[in-house]
Amino acid sequence: MIQFASCIFLTVQVFAFVEAIPLMGDRVVVAEPDEFPFVVSFRQKFLFYAFEHFCAGTLITQYHVISAAHCFEGKNISEINVAVAGQNWRKNDLCYRIDSWLTYNSWAQNNGKPMSYPVNDVIIIKLLSKINKGTMIPISLSHLDDQQLYRTKALIVGWNVTSTLPASSILLKGEVTVLSPEQREHLFKLVTNEKITINKNYLATFAESYILVNCGDDGGPLLDKNNHLIGITRGKCPNIAWGNFSEKFLNNYKFNVHLSVNYYREFIENVTRLTD
């Protein structure tokens, strides 16, 4: 029997994000050294001077990182470090402290902007000090609208394991396809027998022989073929259970969900222009 639970941001709220190990799949590969010099790791203090990774982010200026807002709910700025990534964040001791952060909802309310959707899971973090260009290079935002991205190839960048290897700290990548609204609705109905309409502030990605994100990848980048930022990773769905089928088999029917950079472009450009 198929099981699903309510989750987010849809006309019919039937998504559920699944929590397990981060980026995984048979065709996930190790990133080249310095291939993605704009990916960061957010680390939270958990034992005196020890910090543990909890979410990813993307450097969009030398002072600003964009990520998923839910990653920072209930967290204290003073207990978070931003670690530059490159390839291996666990072995890189170059960290930056946070000055402030601003969610889309707060920005919209402060500027009298109407919100079409109650959930807008986007946050911009301002750093206390400027990122050294020799260490990290900010990413450019894609200028393609979402319709131009449908059915094109994209890259997900994340932190952890392939389906056959134990967890590591090496930055990984996987090639996926950006689903059109018709494709993602068809896929969702195939496994849940439910019709959905996904809001315009989201993109969805899928790969045959699955490539899936997870909790440690939240806030990380979705990139177009030119390594321009098109999405901010939010999670994967649906949460399905079919009798005695294995989780690995069921992973072939799940897809990733990302916040659309194009939808939030005004917010991103306004905040970074005013505070850079």
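As the structure is a prediction and not an experimental result, all values here were calculated from the model. Position 1 is the first residue of the sequence; numbering continues from there.
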Taking atom CD1 of I124 and atom CD1 of I66, what is their separation to the nearest 0.5 Å?
5.0 Å

Within-4.5 Å side-chain heavy-atom neighbours: T58 and I232:
no

Starting at CG of L212, measure out to CD1 of I156 and round the result to the nearest 0.5 Å.
8.0 Å

S78 meets the side-chain hydrogen bond (donor to acceptor under 3.5 Å, both in side chains) criterion, sequence neighbours left out, with N76

Begin from the C-alpha positions of H258 and T205 and carry the test side chain to side chain contact (heavy atoms under 4.5 Å, CB included) through to its verdict.
CA-CA 8 Å; H258 316 264; T205 60; 2.8 Å; yes

T152: partners by side chain to side chain contact (heavy atoms under 4.5 Å, CB included), with sequence neighbours left out
L149, V178

Would you say that N256 contacts F206 through its side chain, given a criterion of any heavy-atom pair below 4.5 Å between the two side chains?
no

F267 and L102: side chain to side chain contact (heavy atoms under 4.5 Å, CB included), yes or no, with the steps?
CA-CA 10 Å; F267 164 60; L102 183 66; 4.3 Å; yes

Atom pair CD1/CZ of I80 and F42 - distance to nearest 0.5 Å
8.0 Å

Considering only heavy atoms from C-beta outward, does the side chain of Y202 approach that of L259 to under 4.5 Å?
yes

Taking only residues two or more places apart in sequence, or in another chain, which ones meet T177 in a side chain to side chain contact (heavy atoms under 4.5 Å, CB included)?
K153

Does E266 have any side-chain hydrogen bond (donor to acceptor under 3.5 Å, both in side chains) partners at least two apart in sequence or in another chain, and if so, which?
K113

Not counting sequence neighbours, list each pair that qualifies as a salt bridge (Lys or Arg N to Asp or Glu O under 4.0 Å) and has a residue in residues 53-68.
none

Taking it one step at a time, do N251 and K248 satisfy side-chain hydrogen bond (donor to acceptor under 3.5 Å, both in side chains)?
CA-CA 5 Å; N251 283 340; K248 183 174 180 180; over 6 Å; no

CZ (R97) and CD1 (I77) are apart, to the nearest 0.5 Å, by 10.0 Å

Compute whether any side-chain donor of one residue and acceptor of the other, for D146 and S260, lie under 3.5 angstrom apart.
yes

Audit row: L155, F36, side chain to side chain contact (heavy atoms under 4.5 Å, CB included) steps and yes/no:
CA-CA 11 Å; L155 275 181; F36 303 109; 4.1 Å; yes

Nearest 0.5 Å please: distance from the CD1 atom of I98 over to the CD atom of E79.
11.5 Å

Do V122 and Y263 have side chains that get closer than 4.5 Å, going by heavy atoms?
no

Suppose we screen for side-chain hydrogen bond (donor to acceptor under 3.5 Å, both in side chains). Which residues come up paired with Y264, at least two apart in sequence or across chains?
N120, N201

What residues form a side-chain hydrogen bond (donor to acceptor under 3.5 Å, both in side chains) with W101, not counting sequence neighbours?
none

When you look at L179 and Y150, which way does the side chain to side chain contact (heavy atoms under 4.5 Å, CB included) test go after all the steps?
CA-CA 5 Å; L179 299 177; Y150 296 151; over 6 Å; no

Using ring-ring contact (aromatic ring centres under 6.0 Å, His included) as the criterion, list what pairs up with F245, not counting sequence neighbours.
F249

Any non-hydrogen side-chain atom of Q183 less than 4.5 Å from a side-chain atom of R151?
yes

Are I125 and S67 side-chain neighbours, meaning at least one heavy-atom pair lies under 4.5 Å?
yes

Checking K75 against F54: charged group under 6.0 Å from the ring centre and within 45 degrees of the axis?
yes

Any residue meeting side chain to side chain contact (heavy atoms under 4.5 Å, CB included) with H186, in chain and number order, not counting sequence neighbours:
none

Note, V65 side chain near I131 side chain (heavy atom, < 4.5 Å)
no

If you round to the nearest 0.5 Å, how far is OH of Y96 from CG of L128?
12.0 Å

With a 4.5 Å cut-off on side-chain heavy atoms, are L223 and V157 touching?
yes

Using the test side chain to side chain contact (heavy atoms under 4.5 Å, CB included), find all partners of A68 that sit at least two apart in sequence or belong to another chain.
H70, C71, D121

